[in-house]
Amino acid sequence: MKIINEAENCLKRITDAKENFLQNILKSLPLWLNADQLTLVRILCVLPVIFFILNGKLAFALGFFVFGAFLDLIDGPFARVRKKETEIGKILDPFADKLLVAGALMALFYKSPSLLSPLLFWSILVLESILIILTLIGKTMLKQEGFRKRLGANLWGKWKFFLQSIGISLLLLQKPFWAQILLWPSVGLAIASIIGHLTFKAPEQS
């Protein structure tokens, strides 16, 4: 438990530093732009990623995938720096990540099954499905009970997506060995994220 807590504190310090750095940069973005728009664009990126993978245009698929992953990096800090975090954004944000990952992996596995271990593929897919269900249930419960605390992508989930993004990018670059070295640890982080959802205790109402 002590090792887990130390790892979590280390990841949190890195995440907070990244957040502060991005917020300072994102202040200069146009006023008409908002985080929900970035999230919707990220969801739309799933379609060209799948299309180009299935048609063997991996360079184009990589471009859209990296763009979608980049939007994930900035939409949360952007919403917070503008103080415009919306309920729809809190719901769509974790789903956008999972759609991008699942869509790319399913297309890659269908097109080139040898790129990815079947066990790894199904592990990621099943765990992502569980996380979608837990996120939806958690948000519904908190809303019904009147809590405002966000139960979305927890710390483990954020780093899971980071490793998945690099791993899938390496798959698109035809580097399956290095990709799977990163994707296997993301499975562990997904499990940690699930445990985080299951052990979450809602704050007491005052």
Side-chain angles (χ1 to χ4, degrees), residues 1-16 18-19 39 42-43 45-46 49-50 53 65-66 68-76 89-110 113 115-142 149-172 175-202:
M1 183 62 68
K2 183 179 179 181
I3 295 176
I4 294 176
N5 289 336
E6 289 179 355
E8 188 171 7
N9 290 334
C10 179
L11 293 178
K12 188 177 186 305
R13 286 195 294 270
I14 297 172
T15 302
D16 290 344
K18 181 266 294 181
E19 175 91 6
T39 302
R42 182 153 47 104
I43 293 173
C45 284
V46 177
V49 167
I50 293 174
I53 290 174
F65 182 83
V66 170
F70 172 73
L71 291 180
D72 171 75
L73 180 70
I74 67 172
D75 62 357
K90 293 175 184 178
I91 293 172
L92 289 179
D93 181 64
F95 287 112
D97 301 345
K98 293 162 183 59
L99 285 173
L100 187 63
V101 167
L105 280 180
M106 286 190 290
L108 280 166
F109 193 69
Y110 175 81
L115 280 178
L116 198 61
S117 159
L119 178 61
L120 178 58
F121 170 74
W122 287 110
S123 296
I124 293 174
L125 217 59
V126 169
L127 291 172
E128 292 298 303
S129 300
I130 293 173
L131 281 168
I132 288 176
I133 294 170
L134 289 176
T135 300
L136 184 60
I137 292 174
K139 287 181 181 293
T140 302
M141 289 175 63
L142 289 182
K149 185 178 174 77
R150 182 163 66 100
L151 182 64
N154 56 32
L155 185 64
W156 301 110
K158 292 177 181 179
W159 283 91
K160 167 188 67 69
F161 181 72
F162 175 73
L163 290 183
Q164 288 174 337
S165 298
I166 299 176
I168 293 172
S169 297
L170 288 170
L171 285 177
L172 292 168
K175 305 290 184 182
F177 174 78
W178 297 107
Q180 293 188 77
I181 285 179
L182 291 175
L183 289 174
W184 275 116
S186 79
V187 171
L189 291 174
I191 294 171
S193 182
I194 289 172
I195 293 172
H197 281 284
L198 293 175
T199 58
F200 172 80
K201 292 183 179 179

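Gln180 places a side-chain N or O within 3.5 Å of a backbone atom of Ser117 that can act as its donor or acceptor partner.
Minimum heavy-atom separation, Ile168 to Ala104: CG2-CB, 3.9 Å. A pairwise comparison of heavy atoms in Ala96 and Thr39 identifies CB-CG2, 4.2 Å as the closest pair.
At a threshold of 4.5 Å between non-hydrogen side-chain atoms, the residues Pro176 and Leu171 count as touching. Counting only heavy atoms from C-beta outward, the side chains of Ser186 and Leu183 approach each other to under 4.5 Å. Residues Leu131 and Ser193 have side chains in contact (heavy-atom distance under 4.5 Å, counting atoms from C-beta outward).
Taking CG of Asp72 as the reference point, atom CG of Leu100 lies at 8.5 Å (rounded to 0.5 Å). Remark: Leu105 CG to Leu125 CG distance equals 7.5 Å, nearest 0.5 Å. Separation of atoms CD1 (Ile194) and CG (Leu189) is listed at 11.5 Å; rounding is to 0.5 Å. To the nearest 0.5 angstrom, Lys158 atom NZ is 15.0 Å from Leu163 atom CG. Atom-to-atom distance recorded for Ile132:CD1 and Leu127:CG is 11.5 Å, nearest 0.5 angstrom. The CG atom of Leu99 sits 12.0 Å away from atom SG of Cys45, with the distance rounded to the nearest 0.5 Å.
Pairs engaging residues 120-133 under the salt bridge (Lys or Arg N to Asp or Glu O under 4.0 Å) rule: Glu128-Lys160 [sequence neighbours left out].
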Next on the checklist: I'd like to know whether Leu108 forms a side chain to side chain contact (heavy atoms under 4.5 Å, CB included) with Leu172, so could you lay out the CA-CA distance, the side-chain angles of the two residues, the decisive distance to 0.1 Å, and finally the verdict.
Outcome noted: CA-CA 8 Å; Leu108 280 166; Leu172 292 168; 3.8 Å; yes

Next on the checklist: One pair to check against side chain to side chain contact (heavy atoms under 4.5 Å, CB included): Asp97 and Arg42. What are the steps and the verdict?
Outcome noted: CA-CA 8 Å; Asp97 301 345; Arg42 182 153 47 104; 2.2 Å; yes

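Below 30°, between 30° and 60°, or above 60°: for Phe121 and Phe109 the angle between ring planes is below 30°, a parallel geometry.
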